[in-house]
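Residues take their numbers from the sequence shown, with the count starting at 1.
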Amino acid sequence: MKYTKGERDLSKEVMADEMLREQPVVEYEGVDIERADKVVMKGASFRIMPGEFCYLVGKVGSGKSSLLKTLYAEVRIACGEKAYVMGRDVLKIKNKEIPMLRREIGIVFQDFQLLQDRSARANLRFVLQATGWKNKEEIEKRIDEVLAAVGMENKSYKMPHELSGGEQQRIVIARALLNKPKLILADEPTGNLDPQTGYQIVALLHRLADDGHAVIMATHNMQMVEDFPARILTCKNKHVV
C-alpha cells in the first residue's frame, strides 16, 4: 500500500506521540539525597509513567517532601546513577534550565500559597503572565479551561479568604494545570482539609491521572490510600520501597 506524503508525515507524528507516551516522566536510579549535610535518602530507584497515579507515603521526616523537591530541583541531588524528570537530567541541570523544568510540572502545596491580595482568577492570570503568556484572549481562555476542570468556574472572582479550604485547594490545582503539565506533584494536599473535602480533592487528582497527567501525591493518610487505591512508594529507613 502506498501513502501520500501527508499520510506519511501524520504516521510519523502518531509514532512519535506513542514513543513519548511510553517514556517515563520520572526515572531515578540509585539517587542519594542530602539536606544540611545529613543523608535523607539513599539509593532511591523508581519510574513514573505518563497517566500513572502514585502515592508517596511514610512517617513525618522520612524524606517525602525532600524527594518531591528534587523533582523540580529545589533540592539538588547529592549523587545518583540516573535522575531524569520530563526527559531532563536533574543530576546535571543548570540553574538557567530550572524554570523551564518547573513550567512542565504542576505543583500542589498543602498550604495553598495563593496571593492574598488578588482574586482567584487574578492569581491564575499572574502565573500565566509570569511564565511567558502574552495574548490576553488566550490567557483568559486557559483560565476558564482550568477553572472548569476543577469545578470553580463560578467562584473565580472571589478573594482567597472568601473561599473555603477545599475551594482554595481546587484553585491551587487549577494553577498547577495552567501550563498543561505532564507531571503533577501534590505534597500532602489534604493535610489542612476536613476528611470529606480531602476525599473530593483526591478524587479530582485521580481524574486528572485518568486524563493523562502523571500524579505523585505525598500523604500519611493511609485510610485515603485504601479508599482510592493506586501504586504506593514508601519512604522508610532512608530508602524508597
Exercise. Per the side chain to side chain contact (heavy atoms under 4.5 Å, CB included) rule, which among Leu71, Asp187, Ile105 passes with Ile216?
Worked result: Leu71
Problem set entry | Asn123 and Met159, any side-chain heavy atoms less than 4.5 Å apart | no
Problem set entry | Set of residues satisfying ring pair (Phe, Tyr, Trp, His ring centres under 6.0 Å) with respect to Phe126, sequence neighbours excluded | none
Exercise. If Ile, Leu, Val, Met, Phe, Trp and Tyr residues are connected whenever their side-chain heavy atoms lie under 4.5 Å apart, and connections chain through other members, are Met152 and Leu128 in the same group?
Worked result: yes
Problem set entry | Ile184 CD1 to Phe53 CZ distance, which is reported to the nearest 0.5 Å | 9.5 Å
For this session: To the nearest 0.5 Å, tell me how far Tyr84 OH sits from Gln23 CD.
Result: 11.5 Å
Exercise. Quick one: which of Leu177, Asn154, Leu124 gives a side chain to side chain contact (heavy atoms under 4.5 Å, CB included) with Leu147?
Worked result: Leu124
Review item, side-chain donor-acceptor pairs of residues 36-43, under 3.5 Å, at least two apart:
none

For this session: For Tyr157 and Glu162, run side chain to side chain contact (heavy atoms under 4.5 Å, CB included): C-alpha distance rounded to whole Å, both residues' side-chain angles, the deciding distance at 0.1 Å, then the answer.
Result: CA-CA 10 Å; Tyr157 64 91; Glu162 297 177 308; 5.7 Å; no
Problem set entry | Residues Val85, Tyr28; criterion side chain to side chain contact (heavy atoms under 4.5 Å, CB included); working and verdict | CA-CA 8 Å; Val85 180; Tyr28 273 22; 4.0 Å; yes
For this session: Among Arg47, His213, Arg231, find the one that has a side-chain hydrogen bond (donor to acceptor under 3.5 Å, both in side chains) with Glu52.
Result: Arg231
Exercise. So, Ser45 side chain and Gly30 main chain: donor-acceptor pair closer than 3.5 Å or not?
Worked result: yes
Problem set entry | Pair Glu138 + Lys141: basic N to acidic O under 4.0 Å | no
Problem set entry | Atom pair CD/CG of Glu188 and Leu193 - distance to nearest 0.5 Å | 11.0 Å
Problem set entry | Neighbour count above 12 (heavy atom, 6.0 Å) for Phe46 CZ | yes
Exercise. Less than 4.5 Å apart, any side-chain heavy atom of Gln169 and any of Val108?
Worked result: yes
Exercise. Between Met49 and Pro24, is any pair of side-chain heavy atoms under 4.5 Å apart?
Worked result: yes
For this session: Starting at NZ of Lys236, measure out to NZ of Lys59 and round the result to the nearest 0.5 Å.
Result: 7.5 Å
Exercise. Can any side-chain N or O of Arg102 pair as donor or acceptor with the backbone N or O of Tyr72 at less than 3.5 Å?
Worked result: yes
Problem set entry | side chain to side chain contact (heavy atoms under 4.5 Å, CB included) assessment of Arg170 paired with Gln200 | CA-CA 10 Å; Arg170 286 177 180 271; Gln200 293 172 355; 3.8 Å; yes
Problem set entry | Side-chain donor/acceptor of Gln116 to backbone N/O of Leu114, under 3.5 Å | yes
For this session: Run the numbers on Trp133 and Val127 for side chain to side chain contact (heavy atoms under 4.5 Å, CB included), then give the verdict.
Result: CA-CA 9 Å; Trp133 290 58; Val127 172; over 6 Å; no
Residues 201-211 side chain polar contacts: donor-acceptor under 3.5 Å, at least two apart:
{"from": "His206", "atom 1": "NE2", "to": "Tyr55", "atom 2": "OH", "distance (Å)": "3.0"}

Problem set entry | Donor-acceptor contact present, side-chain Glu27 to main-chain Lys82, <3.5 Å | no
